[in-house]
Amino acid sequence: ASSTLLQRGVRAGLTLYEIAVLCCRNDDAGEQPSKLESILSMAGDIASSAVDNGRWHHAAASRALEQQLSPDNGYVSSRPGAKAVGVA
């Protein structure tokens, strides 16, 4: 999993530091989830909703997740031209 994260991060134009920041909790107490933890939690919630309501096809769930991870929702690098992480 870490190898895939690194590969996709590099493909998206992120530096090693930016990829590490996604994975690390940055508060002093370590209580705030990392960006990656937040993304995974959101993906889990969307997947659970898709299964629970029985109306979502996997393509619709993928589009919903992609929309949540879009640059408009802040899941991008601070560097100009970087792509959203996690969007295949």
Side-chain angles (χ1 to χ4, degrees):
S2 60
S3 175
T4 301
L5 177 65
L6 286 170
Q7 291 171 1
R8 290 196 182 192
V10 168
R11 249 187 261 140
L14 298 175
T15 66
L16 182 57
Y17 174 80
E18 291 168 325
I19 296 167
V21 167
L22 286 173
C23 301
C24 295
R25 292 183 173 196
N26 294 315
D27 62 319
D28 291 334
E31 294 178 5
Q32 292 290 334
S34 69
K35 290 180 182 181
L36 182 60
E37 288 175 293
S38 297
I39 291 169
L40 291 174
S41 176
M42 183 186 312
D45 292 345
I46 291 171
S48 293
S49 293
V51 169
D52 291 344
N53 72 27
R55 297 180 305 180
W56 281 28
H57 184 269
H58 71 282
S62 295
R63 283 191 304 273
L65 182 57
E66 182 176 359
Q67 181 181 13
Q68 289 296 315
L69 298 177
S70 74
D72 296 335
N73 287 325
Y75 291 104
V76 294
S77 166
S78 58
R79 294 180 29 223
K83 300 173 189 166
V85 173
V87 178

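Considering only residues two or more places apart in sequence or on other chains, Glu37 meets the side chain to side chain contact (heavy atoms under 4.5 Å, CB included) condition with Arg25, Pro33, Ser34. Residues satisfying the side chain to side chain donor-acceptor pair (under 3.5 Å) test with Ser2, not counting sequence neighbours, are none. When the side chain to side chain donor-acceptor pair (under 3.5 Å) test is applied to Gln7, the partners found at least two apart in sequence or on another chain are Ser3. Under the side chain to side chain contact (heavy atoms under 4.5 Å, CB included) criterion, Val21 pairs with Tyr17, Asn26, not counting sequence neighbours. Among residues two or more places apart in sequence or in another chain, the side chain to side chain contact (heavy atoms under 4.5 Å, CB included) test is passed with Leu40 by Leu36.
Atom CG of Asp28 has 12 or fewer heavy atoms from other residues, nucleotides or ligands within 6.0 Å.
The heavy-atom pair separating Ile19 from Val10 by the smallest distance is CD1-N, 3.9 Å. Considering all non-hydrogen atoms of both residues, Leu14 and Glu18 come closest at CA-OE1, 3.3 Å.
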Considering only distance and modelled atom types, tabulate donor-acceptor pairs under 3.5 Å from the side chains of residues 41-48, sequence neighbours left out.
residue: Ser48; atom: OG; partner: Gly44; partner atom: O; Å: 3.0

